[in-house]
Amino acid sequence: MKRFLIGLIFSITAPASSLAQSAQAVPGEFIVKYKSTSSSSSVAKVRTKLAMKSASVQKAFAGMGMYHISLKAQAGEAQNLEDIKNDPDVEFVEPNYIFTKVDDASSSNNAQLYVYQSSYTYNEVLTNNIAQNDNLYHQAPINVGVTSTWSQITPVSPTNKVVVAVVDTGLDKNHTFFKSVANGGSGALWVNTREYNGTAGVDDDQNGYVDDVSGWNFISNTNNFLDDDDHGTHVAGIIAGVAQNMFARPLQESPIQIMPLKFLDANGSGTTAAAINAIYYAVNNGAKVINNSWGGPNYSRSLHEALAYAYDQQVLIVTAAGNYHTNNDSSDYPMYPANYDVPSNIAVASASQYDTLSNFSNYGANLVHVASPGERIFSTLPGDVYGYMDGTSMAAPFVAGMAAMALREAPNMTGYQLKQAVMNSVDVRSSYNGLVSTSGRINANALIVDAKNAVATVSSYQPEYKAQLRGVASDSGGSAGGCGLVSTAIHNGPGNGQGPTPMAGVMVGLMALPLAVWFVLRRRDPKHQRKHERFRMSSQIRVMVGDKELVGSMNTISQGGLSFNTEEALEKGGIITMRITSPDGHEMIEVQGQVVWSEQNQAYGVQFANARQGTLAMIQQWTQNLVKS
Ligand SMILES: [Ca+2]
Ligand SMILES: [Ca+2]
């Protein structure tokens, strides 16, 4: 059951062939947490204990009581592991699971072409008139008030910059925008001054990382965090772009400093340990906000502990809600890290330019908090260019950026208070009722005004919090029992073993839509317009007319519309909402349209109205192997 659901969630960005992935972990590697009250709470004692079991410590997360360990491959490995697990001082042991990005399957040719065709140099940005101040993010109809904050913020000084960690695929630090002010950039890249002024090859600030001048790569364990994807650079640009017009020249000095922490490689692979490492590094090296534009359906206790640690250190955690148009509140479709109930974790859905939920965006009346622009967002890309991306990946960094700006105005705010402030400053819209907990879409200007007013009155506060699985019961109870290492996590759930599957089949998705989307957009360009190819497709369609729901069967589908049969009578000219199941039955899209023709045998033709690019991209994927009509 669960495996099917994983497939369903990720199949939006992956073809069917990549769905059947089994749980993967780094052989012989585990994450162990010791009880904080135990006699083993000192790192030296733990190291000694682990050494007796032939386990070497790859990384001690002393502040969290957690250890990333490696067991030597030898005859006694299983017994040693069992002994560690059974140590009464041990709280839990979890495998070091491998994250697998699954939206990369379609990216080989299309992505290359996309970058070539749709990225803009600075000069092209100017000639294409993209850099209109008030339309910078192409969200003009929903004014999130970013540009109107610029005249109100406290001027930049060396002491009032806020560090935002971007846990992602890295950053192109050679992009003009991220260069130092002296080199014509905004200085938006974090600088670790002791390493910057220190000695090459020496860990000048003694934080365990040699020459971590402005970030770290937790895959290669080097200071080379260059972005071999596009994702991290785009996300970072959105965050820093909240503070200024990135196309103004000369660039202003950035009040935000991006700390790039690379934990996914070019293939989208990373490990739980790398993610924890990145979060631990962020917290311990001065980040006040951590942006996480990635996620997957599996619970990890050790990742949960890392976020709880960030919370304890008053750090705001911003997470993307996901792009699967599923309900994060549902036990069948959980999304982590968005769903961790850490009180400074704000989960962000995507808003369309019509101030409605993007039709790819996840939602959740409890677990998703705010909506934020996530369609056709323009930002930095590697290679000193700029381009568009869609996704909750793009929605989250707006929140991270504006939260950082609010923190400059009211530096006493804890991550907990900052989250409340963001939630309290939204514009409530009925279109978000029941979809996000605030029923609102962010308003950066309102947040800054609130933060400035709060300076005198706000004193730091946050409630106590302990990481513990509180998930709702699901039908997947014993399904993770095979690995036998996560019993503590399972047993912490309600109902004696009922709870979200702890990392059963670990996948992670970057929350940006596949680049194929822009292919479809290009085809919709009037220059390329021609009659849409129709394909025969037989699957179920559900049609909402007013408060009535009809079930029908699909006949044909194209980029422009579809036809179907239903026994009910439909009015020609009427606007209907359709939920269409994919040919393989694994996906569903929702799209609106107008009934444009009907036949006596109760066949209807519908023309799509305002179909989102994500929807059209999915239809394109669905129809690749279908017969033309
Ligand atoms: Ca260092
Ligand atoms: Ca150094």
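Bear in mind that the values here come from a model prediction, so they are computed numbers and not experimental data. Just so you know, ligand 1 is whichever comes first in the structure, and atom 1 is the first atom listed for that ligand.
- Taking 3.0 Å as the threshold, Q206 does not count as a candidate ligand of the Ca ion (ligand 1), since none of its N, O or S atoms lies below it.
- Here Y209 meets the criterion, with an N, O or S atom under 3.0 Å of the Ca ion (ligand 1).
- Between Y120 and F378, the distance from one ring center to the other falls under 6.0 angstrom.
- Below 30°, between 30° and 60°, or above 60°: for H175 and F178 the angle between ring planes is above 60°, a perpendicular geometry.
- A perpendicular orientation is assigned to the rings of Y299 and H304, their planes being inclined by more than 60° (bins at 30° and 60°).
- Ring-plane geometry between Y386 and Y122 is classed as tilted, the angle between the planes lying from 30 to 60 degrees on a 0 to 90 degree scale.
- Between the CG atom of N192 and the CG atom of N223 there is a distance of 11.0 Å, given to the nearest 0.5 Å.
- Atom OD1 is the N/O/S atom of D203 found closest to the Ca ion (ligand 1).
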*Apply the test ring pair (Phe, Tyr, Trp, His ring centres under 6.0 Å) to residues Y280 and Y309: give CA-CA distance (whole Å), side-chain angles for both, the deciding distance (0.1 Å), then the verdict.*
CA-CA 8 Å; Y280 194 66; Y309 176 73; 5.1 Å; yes

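- When the N, O or S atoms of D211 are ranked by distance to the Ca ion (ligand 2), OD1 comes first.
- Between the Ca ion (ligand 1) and D212 there is an N/O/S contact shorter than 3.0 Å.
- The Ca ion (ligand 2) is the vertex of the angle joining OE1 of E195 and O of T199, which measures 170° to the nearest 10°.
- Computed with the Ca ion (ligand 2) at the centre, the V202 O to D204 OD2 angle is 90°, stated to 10 degrees.
- Closest approach between the Ca ion (ligand 1) and any N/O/S atom of D205 involves OD1.
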